[in-house]
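Each remark here refers to the structure printed beneath this line.
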Amino acid sequence: MPTLPFKPLPTAIAVAITLLIWLAIPLPEGLTSDAWLMLAIFVGTIAAIIGKAMPIGAISIIAIAIVAASGVTSDNPGTAINDALSSYSNSLIWLIAISIMISRGLIKTGLGARIGYYFISIFGKKTLGIGYSLAFSELCIAPVTPSNTARGGGIMHPIMRSIAKGFDSRPEDGTSSKIGKYLALVNYHSNPITSAMFVTATAPNPLTVELISIATGAEIQLSWMTWALAMLLPGLVAILAMPYILYLLYPPDIKQTPHATQMARDKLAEMGKISRDEGIMLFVFLVLLLLWADIPALFMGDSVTLNTTTSAFIGLSILLLTGVLTWDDVLAEKNAWDTLLWFGALIMMATQLNQTGLIDWFSTNMQDWITMMGIGWMGASALLVLTFLYTHYFFASTTAHITAMMAAFLTVGLTLGAPPMPFVLIMAATSSIMMTLTHYATGTSPVIFGSGYLTLGEWWKAGFIMSVVNLVIWVIVGGLWWKLLGHY
C-alpha cells in the first residue's frame with residue numbers, strides 16, 4: 001500500500017477547522033462572505049502548518065490553489081490567480097531568498113568558517129559567551145541597518161551557522177542540540193530586541209513614528225534620538241537577559257568549551273591566508289553591509305540609495321560573475337526556494353485578510369468593546385497592548401499588522417486617558433516584540449527557521465516565552481526609565 005503524501009489526522013483537523021469557520025459559524029455583521037472565507041482558509045492553512053500535515057511548501061501550493069479557485073479575492077474567477085500570486089512581486093520575499101543564497105557563498109568559500117572561528121577564538125570558552133557575542137554583534141550594526149531581515153538573516157545568520165558547523169552541529173545529522181539550536185535561537189531573538197531600539201533598525205519603525213504623530217495630533221513626534229534614548233535601557237536589559245533565558249530553556253549539549261579558543265586559533269592557522277574566493281566573498285559581504293546600511297547616501301545623497309533587495313541581487317550577481325557561486329549552487333539551495341514559496345503564500349493570505357476588510361472590522365469592534373467595558377485607561381492599555389502583540393499570530397508581515405491596527409489602538413488608548421508618551425512608546429516597542437512569536441512573523445524568521453535547527457513547536461514555545469519576557473522588561477524597566485527621563 002503506497003504511503004499517503006499527507007498525515008491524515010493533522011490534515012483532517014485543518015480541513016475541519018476551515019469548514020467550521022466558513023460554514024458553521026454565522027457570518028458576523030459588518031463582514032462580507034469573502035472576508036469570512038479568507039479567514040477560514042488562512043486559519044486552516046496555519047493549522048495544517050502547525051500540525052505538519054504536509055511539507056510547508058506543499059501546503060502553500062494547496063493554499064494558493066484554494067484561494068485562486070474559490071475566487072475569494074476577485075469577482076472574476078479567471079483573474080483570481082493573479083491575486084493569489086500577487087505577493088511574489090514583494091521585494092521582501094526575494095530579499096529573504098537571495099540572502100539565503102548568498103549565505104551559501106560564505107560556507108562554500110570557507111569565509112563563513114573563518115569568521116566563525118574568529119568569534120570562537122575570542123568568546124569561545126563557553127557556549128553562553130558565544131551567544132552573547134552574537135547578540136551584541138547585532139546590536140552594534142542595528143542603528144545603521146534599516147532592514148532587520150538583512151541584519152539578522154543576511155549578516156548574522158551565516159556567521160551563526162558557521163559557528164554551529166564548527167562544532168559539528170548540523171540539522172541533517174540530528175545534532176542540532178549540540179549548540180546549533182541554542183545559537184539559532186539567540187540569532188533570531190536578538191533581532192526583535194535590536195529592532196525595537198532604533199528608528200532605523202527595521203523598516204516599519206518610521207511608519208510607527210508617523211502613526212504616533214497622527215494619533216496625537218502631531219503633539220508627539222519621535223526623533224531618532226528620542227526613540228533611541230527611550231529604548232536604550234529596556235533594550236540593554238532585554239539583550240542581556242535573552243541569551244541566558246534561552247540557555248536555560250534549551251540548554252545546549254556543549255556548555256563548557258575551555259579549549260575552543262585555541263582550537264579556533266589552530267584552525268585559522270590551518271586555513272592560511274584568505275583565498276581569492278574568500279576575498280571576493282568578504283568584499284561582497286562588506287559591500288552589502290554598506291548598501292543595506294545606506295552608507296553611500298550619507299556622502300552622495302538619496303539619489304544613490306538602493307533598495308535592499310536590489311543590493312542583494314547585486315551581491316549575488318557578483319558571486320555568479322566571479323565564479324564564487326555557480327548556478328548549480330543556487331539551484332541546490334533548497335531552503336531559499338522553499339522559503340520563497342511558503343512565505344509568499346502566507347503574506348498573500350495576510351494581505352487579503354486586510355483587503356477584504358476583516359482587519360478593519362476587528363479593529364473597529366475592539367474600540368467599541370473596550371470603550372463600553374469602562375475598565376479605565378490602565379486596564380484598557382494593557383488589553384490593547386496584549387491584543388496588538390498576540391494578534392501577530394495572524395500576520396506574516398509587521399508592516400501589514402502595524403498599518404491595519406496601530407492607529408486604531410493608539411487612538412483608543414489615548415482617548416481612554418493613557419499617559420501619551422509611555423503608551424506610544426510601549427506600543428512602538430510591541431511592534432518589534434511581536435516578531436518573536438512565529439516562524440513567519442517577520443522577514444528574518446523564515447531565514448533562520450529554514451536552516452532547520454528547530455522544530456516548529458520549539459520555535460513557537462521559545463517565541464511565546466520571549467514575548468512575555470520582553471514585554472515585562474519594557475513595561476517595568478522601560479516604565480521606570482521613562483519616568484526618569486521625564487516622559488510622564
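The closest side-chain heavy-atom distance from T398 to S431 is not below 4.5 Å. Annotation: side chain of N187 is not in contact with side chain of L183 (no heavy-atom distance under 4.5 Å). Residues L246 and H189 are in side-chain contact: their nearest non-hydrogen atoms beyond the backbone lie under 4.5 Å apart. Between I193 and W474, some side-chain heavy-atom pair lies under the 4.5 Å cut-off. Taking 4.5 Å as the limit, some side-chain heavy atom of L128 sits within range of a side-chain heavy atom of Y182. L222 places none of its side-chain heavy atoms less than 4.5 Å from the side chain of T208. Within the 4.5 Å cutoff, the side chain of I64 has heavy atoms near those of the Y88 side chain. Two residues are said to be in side-chain contact when any heavy atoms from C-beta on lie closer than 4.5 Å; M242 and S190 meet this criterion.
Atom CZ of F198 is surrounded by more than 12 heavy atoms from other residues, nucleotides or ligands within 6.0 Å. Heavy-atom neighbours of E29 CD from other residues, nucleotides or ligands within 6.0 Å: at or below the threshold of 12. When the shell of 6.0 Å around CH2 of W22 is examined, it contains 12 or fewer heavy atoms from other residues, nucleotides or ligands. Around the OH atom of Y390, the shell of radius 6.0 Å holds more than 12 heavy atoms that belong to other residues, nucleotides or ligands.
In this structure a side-chain-to-backbone donor-acceptor pair under 3.5 Å is present from Y488 to G479. S70 places a side-chain N or O within 3.5 Å of a backbone atom of I66 that can act as its donor or acceptor partner. Under the 3.5 Å distance criterion, the side-chain polar atoms of T194 are left unmatched by any main-chain donor or acceptor of L139. The main-chain N or O of F394 is never found under 3.5 Å from a side-chain atom of Y440 such that the two would form a donor-acceptor pair. Judged purely by atom type and a 3.5 angstrom limit, N148 has no side-chain atom pairing as donor or acceptor with the backbone of P192. T391 places a side-chain N or O within donor-acceptor distance of the main-chain N or O of F388, the cut-off being under 3.5 Å. Under a 3.5 Å cut-off, the side chain of H392 and the backbone N or O of H401 do not form any donor-acceptor pair. For D338 (side chain) and K334 (main-chain N/O), no donor-acceptor pair under 3.5 Å exists by modelled atom type. Formation of a donor-acceptor pair under 3.5 Å by the Y453 side chain with backbone atoms of P171 is not found in this model.
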(request) Apply the test side-chain contact (heavy atoms from CB on, under 4.5 Å) to residues K461 and I465: give CA-CA distance (whole Å), side-chain angles for both, the deciding distance (0.1 Å), then the verdict. (result) CA-CA 6 Å; K461 177 183 175 182; I465 290 172; 4.1 Å; yes
(request) Begin with the C-alpha distance, continue with both residues' side-chain angles, and end with the deciding distance and a verdict on side-chain contact (heavy atoms from CB on, under 4.5 Å) for M435 and T444. (result) CA-CA 9 Å; M435 296 178 190; T444 316; over 6 Å; no
(message) Using the rule given for side-chain contact (heavy atoms from CB on, under 4.5 Å), can you reason through I402 versus M434, listing the C-alpha separation, both sets of side-chain angles and the distance that settles it, and then say yes or no?
(response) CA-CA 11 Å; I402 292 167; M434 65 188 183; 4.0 Å; yes
(message) Please determine whether side-chain contact (heavy atoms from CB on, under 4.5 Å) holds for the pair M421 and T226, giving the CA-CA distance in whole Å, both sets of side-chain angles, and the decisive distance to 0.1 Å.
(response) CA-CA 11 Å; M421 195 64 166; T226 300; 3.8 Å; yes
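S432 contributes atom OG, which lies 8.0 Å from atom CE of M231 (distance to the nearest 0.5 angstrom). Once rounded to the nearest 0.5 Å, the distance linking CD1 of I433 with OG of S195 reads 11.0 Å. The CG atom of D253 sits 8.5 Å away from the NZ atom of K178 when rounded to the nearest 0.5 Å. Taking NZ from K52 and OG1 from T455, the interatomic distance works out to 5.0 Å, rounded to the nearest 0.5 Å. Between atom CD1 of residue I426 and atom CH2 of residue W482 there is a gap of 4.5 Å, rounded to the nearest 0.5 Å. Note: R151 CZ to E138 CD = 4.5 Å, rounded to the nearest 0.5 Å.
The aromatic rings of H439 and W342 sit tilted, their planes meeting at an angle between 30° and 60°. Ring geometry for Y188 against W459 counts as tilted: the plane angle lies between 30° and 60°, on a 0 to 90° scale.
Scanning both residues, A345 and S87, for their nearest heavy atoms gives N-OG, 4.3 Å. The two residues I179 and P252 make their nearest non-hydrogen contact at CA-CB, 4.2 Å. The two atoms that bring G452 and S176 nearest to each other are O-OG, 4.1 Å, heavy atoms only. Of all the heavy atoms in G463 and L437, the pair that sits closest is O-CD2, 4.0 Å. For T309 against W94, the heavy-atom pair with the smallest separation is CG2-CB, 4.0 Å. Residues A462 and L185 share a closest heavy-atom pair of CB-CD2, 3.7 Å.
Residue W227 forms a side chain to side chain contact (heavy atoms under 4.5 Å, CB included) with just one option from V209, L425, L232, and that option is V209. Exactly one of L383, T387, V385 qualifies for a side chain to side chain contact (heavy atoms under 4.5 Å, CB included) with F409. That residue is T387.
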Per-pair distances, 0.1 Å, donor-acceptor, side chain in residues 30-51, under 3.5 Å, sequence neighbours excluded:
residue: T32; atom: OG1; partner: A35; partner atom: N; Å: 3.1
residue: W36; atom: NE1; partner: I21; partner atom: O; Å: 2.5
residue: T45; atom: OG1; partner: I41; partner atom: O; Å: 2.8

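Taking the side chain to side chain donor-acceptor pair (under 3.5 Å) definition, one finds that D83 meets it with T73, sequence neighbours left out.
For residues 449-460, the set of pairs meeting the salt bridge (charged side-chain N to carboxylate O under 4.0 Å, His left out) definition, not counting sequence neighbours, comprises K181-E458.
Between the side chains of R161 and S451, not a single donor N or O lies within less than 3.5 Å of an accepting N or O.
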